[in-house]
Amino acid sequence: MSHLDPLLAEHYETVLQRNPGEQEFHQAVLEVLGTLGPVVRKHREYVDAAIIERICEPERQLIFRVPWTDDAGQVQINRAFRVEFNSALGPYKGGMRFHPSVYLGIVKFLGFEQIFKNALTGMPIGGGKGGSDFDPKGRSDAEVMRFCQSLMTELYRHLGEYTDVPAGDIGVGGREIGYLFGQYKRITNRYESGVLTGKGLAYGGSQVRTEATGYGTVWFTEEMLKTRGQSLSGRRVVVSGSGNVAIYAAQKAIALGAQVVACSDSSGYVVDEAGLDIELLRQVKEVDRARISAYADERGSATFVAGGSVWDVPCEVALPCATQNELDGAEARTLVENGVVAVAEGANMPCTPEAVDVFQAGGVLFAPGKAANAGGVATSALEMQQNASRDSWTFAHTEERLHEIMKGVHDRCATAAEEYGSPGDYVAGANISGFVQVADAMLALGVV
Ligand code: NDP
Ligand code: 2IT
């Protein structure tokens with residue numbers, strides 16, 4: 001790799017050889033290693049202790065069969081994963097994704113990103129991720145419950161509040177976490193609240209966890225804009241997706257005075273020039289579990305566009321909150337031509353490497369997911385803290401803690417970027433700050 005520092009190129013080659021066919025994982029590793037040249041030049045001790053090779057190799061990877069019976073009495077088989085990537089800073093921590101596209105390469109890219117994201121929060125959590133190729137769409141509650149119970153019947157032996165603590169991600173929300181926690185509790189005969197996060201408020205969940213990722217992304221955006229003497233107030237915003245992250249990113253952007261004019265799902269997008277009605281969006285997506293077109297059916301000011309790209313809708317702030325590689329170079333150029341000033345990744349790796357280059361070359365403020373969406377996992381760590389002390393905090397207190405954490409994430413990125421010669425580059429700053437913290441802990445812990 002010509003643009004990789006020679007101290008790192010060989011390690012990237014090893015990653016390619018050792019993990020064939022895992023494209024998304026390769027992409028995530030290259031993006032991080034591409035920014036670490038100045039770090040390994042300054043700290044040869046990381047190279048000498050093989051920190052790069054070790055950080056790219058998961059500590060443990062689990063793949064298992066999940067058999068369950070559907071409502072028609074037919075046996076179904078899914079494959080599930082848990083990649084316990086790095087525990088230098090704390091127990092493995094990261095979500096579970098249920099989506100038909102899930103395979104080892106996706107779980108590993110997400111787990112790898114999670115290591116640095118979790119470090120950036122300043123909380124004591126290691127990195128992990130899991131999921132299954134199970135598709136919850138169109139499944140009844142009873143089917144989802146049987147699937148979750150079967151999955152947990154295998155996974156429980158690998159979990160624990162000091163070992164590995166899953167949460168939600170695409171396709172895994174409050175309903176799924178409830179079923180997973182119920183089965184964990186039954187099998188282990190332990191009310192171990194801190195073993196899963198994203199729990200319901202009725203049984204040990206934290207206020208603000210549902211809203212946390214989206215709120216955090218918007219606060220990060222506001223911090224970036226502040227460095228240029230600007231703010232979100234009065235701005236035109238587009239979010240992609242219409243799931244957990246997208247809904248609450250839109251809600252907080254509106255609260256800060258922005259106008260959110262479009263969102264999407266995998267079938268198309270809606271444009272609502274009157275500004276999104278968040279309560280209607282929540283009804284359609286969270287309660288009815290319907291397609292985004294149902295929003296336009298209910299609201300006169302909204303139009304549904306089947307297929308197409310939500311990034312064709314002109315905006316000043318773009319918040320990709322759906323999935324990986326959903327915004328490519330051509331779409332980035334369209335956004336720049338339409339006058340975008342800031343882009344923050346609510347999703348994990350939604351912008352392709354070419355899109356990131358276009359934004360950075362165009363002088364657009366750009367926040368990578370591992371920084372901008374760290375509010376979700378940070379609030380998971382606050383949930384663990386409340387569970388450990390058998391306490392539950394108010395919404396206002398938890399929200400204030402999260403806001404402070406996001407300012408901290410922003411400042412850590414900005415400081416590291418400055419220190420290593422790329423001022424204003426949040427991609428470099430996030431990678432470097434997260435990496436240095438984990439690398440220092442790994443050095444201290446010896447060759448383990
Ligand atoms: P949800 O399942 O709640 O929503 C996902 C949204 O993205 C849906 O609108 C979905 O549309 C859309 N989407 C998913 N896959 C695709 C695809 N292949 N093509 C087009 N659209 C797609 O998930 P979340 O909101 O929780 O997660 C969204 C992103 O945020 C993910 O990248 C996740 O990793 C990341 N994230 C989530 C956190 C959390 O706490 N939940 C924390 C940090 C990051 P459709 O319904 O049509 O599939
Ligand atoms: O990508 C992520 O950070 C998440 N899906 C949240 C993980 C968590 O443990 O809360």
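In listed order, ligands and their atoms are each counted from 1.
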For this session: In sequence, state the C-alpha distance, the side-chain angles, and the governing distance for Leu151 and Phe98, and then conclude on side chain to side chain contact (heavy atoms under 4.5 Å, CB included).
Result: CA-CA 11 Å; Leu151 183 144; Phe98 293 171; 4.0 Å; yes

Problem set entry | Nearest option to atom 25 (O) of ligand 1, as decided by whichever heavy atom of Ile292, Val239, Val245 sits closest | Val245

Problem set entry | The one among Ala347, Ala374, Gly375 that brings a heavy atom closest to atom 30 (O) of ligand 1 | Ala347

For this session: Just jot down the ligand 1 atoms closer than 4.0 angstrom to any heavy atom of Lys137, in number order.
Result: 45 (P), 46 (O), 47 (O), 48 (O)

For this session: Quick one: look up the protein heavy atom nearest atom 38 (C) of ligand 1 and list residue, atom name and how far away it is.
Result: Thr213 OG1, 3.7 Å

Exercise. Should the proximity of Met349 to ligand 1, defined as any heavy atom under 4.0 Å, be assigned to the side chain, the backbone, both, or neither?
Worked result: neither

Seminar exercise, completed: Honestly, for Ile170 the part within reach of ligand 1 (heavy atoms, under 4.0 Å) is both

Exercise. So, does Glu331 use its side chain to make a donor-acceptor pair with the main chain of Asp328 at under 3.5 Å?
Worked result: yes

Problem set entry | atom 42 (C) of ligand 1: any protein heavy atom closer than 4.0 Å | yes

Exercise. Taking only heavy atoms of Arg97, which atoms of ligand 1 are found under 4.0 Å from at least one of them?
Worked result: 31 (C), 32 (O), 33 (C), 34 (O)

Seminar exercise, completed: Among Gly95, Gly198, Ala322, closest by heavy atom to atom 12 (C) of ligand 1 is Ala322

Exercise. Quick check: are there more than 12 heavy atoms from other residues, nucleotides or ligands sitting under 6.0 Å from CZ of Arg18?
Worked result: no

Exercise. What residue and heavy atom of the protein are closest to atom 32 (O) of ligand 1, and at what distance?
Worked result: Asn348 N, 3.1 Å

Seminar exercise, completed: min-distance protein heavy atom vs atom 4 (O) of ligand 1 -> Gly243 CA, 3.3 Å

Exercise. Going by distance alone, is a donor N or O of one side chain under 3.5 Å from an acceptor N or O of the other, for Tyr156 and Gln183?
Worked result: no

Exercise. Any side-chain donor-acceptor pair under 3.5 Å between Lys252 and Thr217?
Worked result: no

Exercise. Under 3.5 Å, side chain of Asn86 to main-chain N/O of Ile55, donor-acceptor pair present?
Worked result: no

Problem set entry | Heavy-atom closest contact (Leu225 atom, Arg235 atom, distance) | CD2-NH2, 4.5 Å

Seminar exercise, completed: Near Cys321 (heavy-atom distance under 4.0 Å), the atoms of ligand 1 are 28 (C), 29 (C)

Exercise. Can you tell which of Leu110, Asp135, Val172, Thr323 gets a heavy atom nearest to atom 19 (N) of ligand 1?
Worked result: Thr323

Exercise. Purely on distance, is any nitrogen or oxygen of Asp265 under 3.5 Å from one on ligand 1?
Worked result: no

Exercise. Given that the side chain starts at C-beta and the backbone is N, CA, C, O, which of these parts of Leu110 lies under 4.0 Å from ligand 2, counting heavy atoms, or is it both or neither?
Worked result: neither

Exercise. In ligand 1, which numbered atoms sit nearer than 4.0 Å to a non-hydrogen atom of Gly241?
Worked result: 9 (O)

Problem set entry | Nitrogen or oxygen atoms of Asn244 and ligand 1 under 3.5 Å apart | yes

For this session: Using a strict cut-off of 4.0 Å, indicate which atoms of ligand 2 neighbour a heavy atom of Gly94.
Result: 7 (C), 9 (O)

For this session: Would you tell me whether Asp272 and Tyr295 have side-chain atoms, one donor and one acceptor, within less than 3.5 Å of each other?
Result: yes

Problem set entry | Identity and distance of the protein heavy atom lying nearest atom 33 (C) of ligand 1 | Asp169 OD1, 3.2 Å

Problem set entry | Polar side-chain atom of Arg82 near backbone of Ile63 as donor-acceptor pair, under 3.5 Å | no

For this session: Considering only non-hydrogen protein atoms, determine which one is nearest to atom 7 (C) of ligand 2 and report residue, atom name and distance to 0.1 Å.
Result: Gly95 N, 3.5 Å

Exercise. Does a donor on one side chain and an acceptor on the other come within less than 3.5 Å for Glu24 and Tyr103?
Worked result: yes

Exercise. More than 12 foreign heavy atoms under 6.0 Å from OH of Tyr162: is that the case here?
Worked result: no

Exercise. Can you find an N or O of Gly168 that's nearer than 3.5 Å to an N or O of ligand 1?
Worked result: no

Problem set entry | Side chain Ser150, main chain Pro67, donor-acceptor under 3.5 Å | yes

For this session: Return yes when atom NZ of Lys407 has more than 12 non-hydrogen atoms of other residues, nucleotides or ligands closer than 6.0 Å, and no otherwise.
Result: yes

Exercise. Do the side chain of Asp164 and the main chain of Leu159 share a donor and acceptor less than 3.5 angstrom apart?
Worked result: no

Exercise. Hey, is ligand 2 close enough to Val165 that some N/O pair sits below 3.5 Å?
Worked result: no

Problem set entry | Atoms in ligand 1 with a heavy atom of Ser242 nearer than 4.0 Å | 9 (O)

Exercise. Got an N/O contact under 3.5 Å between Lys129 and ligand 1?
Worked result: no

Exercise. Of all the atoms in ligand 2, which lie at a distance below 4.0 Å from a heavy atom belonging to Lys129?
Worked result: 1 (O), 2 (C), 4 (C), 5 (N)

Exercise. Given that the side chain starts at C-beta and the backbone is N, CA, C, O, which of these parts of Glu113 lies under 4.0 Å from ligand 2, counting heavy atoms, or is it both or neither?
Worked result: neither

Exercise. Do Glu154 side-chain atoms and Val66 backbone N/O form a donor-acceptor pair below 3.5 Å?
Worked result: no

Exercise. For ligand 1, is Glu326 a contact, meaning one of its heavy atoms is under 4.0 Å away?
Worked result: no

For this session: For Val15 and Phe112, run side chain to side chain contact (heavy atoms under 4.5 Å, CB included): C-alpha distance rounded to whole Å, both residues' side-chain angles, the deciding distance at 0.1 Å, then the answer.
Result: CA-CA 12 Å; Val15 167; Phe112 185 73; over 6 Å; no

Exercise. Have Gln324 and Asn348 got a donor and an acceptor in their side chains that come within less than 3.5 Å?
Worked result: no

Problem set entry | Option with minimal heavy-atom separation from atom 3 (O) of ligand 2, where the choices are Lys117, Glu383, Arg209 | Lys117

Exercise. Which of the atoms in ligand 1, numbered in the order shown and given with their element, are less than 4.0 Å from a heavy-atom of His99?
Worked result: 15 (N)

Exercise. Which of the atoms of ligand 2 are close to Ser380, meaning less than 4.0 Å from one of its heavy atoms?
Worked result: 8 (C), 9 (O), 10 (O)

Seminar exercise, completed: Taking only non-hydrogen atoms of Ala167 and a 4.0 Å limit, the atoms of ligand 2 in range are 8 (C), 9 (O), 10 (O)

Seminar exercise, completed: min-distance protein heavy atom vs atom 2 (O) of ligand 1 -> Gly171 N, 2.9 Å

For this session: Taking atom types as modelled, find out whether Gln74 and Asp70 have a side-chain donor-acceptor pair closer than 3.5 angstrom.
Result: no

For this session: May I ask whether Gln324 has any heavy atom positioned less than 4.0 angstrom from an atom of ligand 1?
Result: no

